[in-house]
Structure formats: structure tokens, C-alpha cells
Amino acid sequence: MADDSSGHHNLETRRSTIRIVKQRSSTIKDVTGRDEAPSGPLDVPTLEVLAQRAATHPLSSSWEFRPDTISPRVLEIQLDGAQYPSAVDEVRIDIRWFVGGDYTVHYLERREDEIWQCRWDRHPKPKEPREHFHPPPDASSVVEPSLIESEHHLDVLFAVLEWIEDRVQTLHR
């Protein structure tokens with residue numbers, strides 16, 4: 001009997017150690033070296049809903065999980081390049097949504113010799129608002145408060161798509 005409880009205790013200790021190691025390994029360093037960690041694992045069901053809803057938007061042309069559907073790390077939404085000036089070669093949104101409600105929505109426009117990008121984030125960031133925006137043209141480490149007020153995944157998606165619609169209009173002026 002003593003062996004069973006000792007073995008059980010050792011198993012629980014190992015599980016605790018594994019949880020701590022996993023938590024530590026999921027910590028992300030930002031460009032300044034500060035710790036930033038999402039609030040949980042990737043929320044694949046929410047990403048699937050976002051993909052299906054994005055597909056109904058006129059700017060969206062296709063979507064896929066990268067690297068694959070078996071173990072996705074990001075939802076990649078390709079936008080309709082025909083709606084952009086010809087100088088823009090590729091346009092997409094990369095989305096990561098986490099179980100705890102944190103997210104990263106990264107907008108990228110690729111031209112022949114440059115990438116124009118910005119990013120909306122919701123995650124702990126020392127000395128910055130939890131919801132913040134990395135402005136264009138380079139989505140640098142400088143952040144501004146996000147204008148997206150809702151935490152609901154569909155509200156965030158459609159707020160970003162509305163912002164992109166305004167961006168497309170600006171490019172055509």
C-alpha cells in the first residue's frame with residue numbers, strides 16, 4: 001500500500017512539474033525581451049468559427065490552418081487581391097485565438113519589396129494595455145491602445161475587416 005501512495009505522489013509531482021514546464025515553455029518574449037504569455041492554448045473551435053464567418057465577407061477569398069488542420073498554429077485568411085491596387089501582391093490576415101480569450105490578429109500586405117503590416121493583440125503586456133494595437137507600417141513593438149472594445153471573437157473579426165475595408169478605400173484614393 002505504501003508503494004502505491006508513494007507512486008501516486010510521485011506521479012502527481014511529475015504532473016505538476018510537467019504543467020510548470022509547459023507553462024514556462026509557452027512564454028513568449030517580445031522584441032524587447034519582456035515576457036508575454038497568452039491566456040491558454042490555441043482555441044481551435046473558435047478559429048474554425050472565425051474561418052467560416054470570414055469566408056462570408058466580400059474581402060475574403062480563402063482560408064486555411066497553418067501548418068495544417070491536424071495541428072494548427074494559425075488561421076490564415078487570404079484576402080481578395082483583385083480589390084487592391086495592382087502594386088499589392090498578396091494580402092492576408094493571420095489569427096491566433098487562445099482559450100482564455102487572448103488573441104493576435106495580424107494584417108499583412110506584401111508588395112514586391114516590402115511588407116506593410118499591423119497587429120491587434122489582447123494579452124498581458126507589461127506597462128501597456130491588455131488590448132493594444134501595433135500600428136503600420138511595420139507592426140513594431142511600439143503600441144497604442146486598441147480601438148476594438150469587444151472581447152467577442154466575431155466582433156473582433158468584423159472590426160478588423162471593417163478597418164481593412166477602410167484601408168482598401170484609402171489605397172484607391
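Just so it is clear, the model here is predicted, and its values are computed rather than measured.
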### Task
Check side-chain hydrogen bond (donor to acceptor under 3.5 Å, both in side chains) between Asp80 and all other residues, then give those that pass, not counting sequence neighbours.
Gln83
### Task
Return yes if some donor-acceptor pair links the side-chain N/O of His172 with the main-chain N/O of Thr170 below 3.5 Å, else return no.
no
### Query
Roughly how far, to the nearest 0.5 Å, is the NE2 atom of His134 from the OG atom of Ser141?
8.0 Å
### For Glu144, all residues meeting salt bridge (Lys or Arg N to Asp or Glu O under 4.0 Å), sequence neighbours excluded
none
### Query
Is any side-chain heavy atom of Val156 closer than 4.5 Å to a side-chain heavy atom of Leu50?
no
### Query
Between atom OG of Ser71 and atom CZ of Arg66, what is the distance when rounded to the nearest 0.5 Å?
13.0 Å
### Query
Can you name the side-chain contact (heavy atoms from CB on, under 4.5 Å) partners of Leu42, sequence neighbours left out?
Leu47, Arg96, Phe98
### Message
Under the rule for side-chain contact (heavy atoms from CB on, under 4.5 Å), what residues qualify as partners of Asp89, not counting sequence neighbours?
### Response
Arg110, Glu112
### Nearest non-hydrogen partners of Ala54 and Ser60, listed with the distance
O-CB, 3.0 Å
### Query
Do any N or O atoms from the side chain of Ser61 and from the backbone of Gln78 form a donor-acceptor pair under 3.5 angstrom?
yes
#### Entry: Partners meeting side-chain hydrogen bond (donor to acceptor under 3.5 Å, both in side chains) with Asp113 (sequence neighbours left out)
none
### Message
Is there a path of hydrophobic side-chain contacts, each under 4.5 Å between heavy atoms of I/L/V/M/F/W/Y residues, joining Leu157 to Val44?
### Response
no
### Message
To the closest 0.5 Å, what do you measure between CD (Glu76) and NE2 (His106)?
### Response
11.5 Å
### Message
Running the 4.5 Å side-chain criterion over Ile, Leu, Val, Met, Phe, Trp and Tyr, what cluster does Ile115 land in, apart from itself?
### Response
Leu108
### Non-neighbouring partners of Thr104 that pass side-chain hydrogen bond (donor to acceptor under 3.5 Å, both in side chains), sequence neighbours left out
Asp121
### Query
Mind checking whether Ile164 and Trp116 sit in one hydrophobic cluster, side chains of I, L, V, M, F, W, Y counted as touching below 4.5 Å?
yes
### Message
By the side chain to side chain donor-acceptor pair (under 3.5 Å) test, which pairs, at least two apart or in different chains, include something from residues 43-54?
### Response
Asp43-Thr46
#### Entry: Pairs involving residues 147-167, ordered by first then second residue, that meet side chain to side chain donor-acceptor pair (under 3.5 Å) (sequence neighbours left out)
His57-Glu165, Glu109-Arg167, Arg122-Glu151, Ser150-Asp155
### Query
Quick one: side-chain hydrogen bond (donor to acceptor under 3.5 Å, both in side chains) partners of Ser86, sequence neighbours excluded?
none
### Query
Which pair of non-hydrogen atoms, one from Pro145 and one from Pro129, has the smallest distance, and what is that distance?
CA-CG, 4.1 Å
## Note on the structure
Taken in chain and number order and not counting sequence neighbours, the residues that satisfy salt bridge (Lys or Arg N to Asp or Glu O under 4.0 Å) with Arg73 are none
### Message
What's the separation between atom CG in Leu59 and atom CG in Leu161, rounded to the nearest 0.5 Å?
### Response
6.5 Å
### Query
With the threshold set at 4.0 Å, does a side-chain nitrogen-carboxylate oxygen contact exist between Arg119 and Asp94?
no
### Task
Anything under 30° is parallel, anything over 60° is perpendicular, the rest tilted; go ahead and classify Trp120 against Phe133.
tilted
### Message
Are Val99 and Tyr103 linked, directly or through intermediate hydrophobic residues, by side-chain heavy-atom contacts shorter than 4.5 Å (ILVMFWY only)?
### Response
no
#### Entry: Linked, directly or transitively: Phe158 and Val105 (ILVMFWY side chains, under 4.5 Å)
yes
### Query
Among pairs that include at least one residue of residues 64-88, which meet ring pair (Phe, Tyr, Trp, His ring centres under 6.0 Å), considering only residues two or more places apart or in two chains?
Trp63-Phe65
### Message
Test side chain to side chain contact (heavy atoms under 4.5 Å, CB included) on His123 and His132; report intermediate values, then the result.
### Response
CA-CA 8 Å; His123 62 85; His132 53 273; 3.3 Å; yes
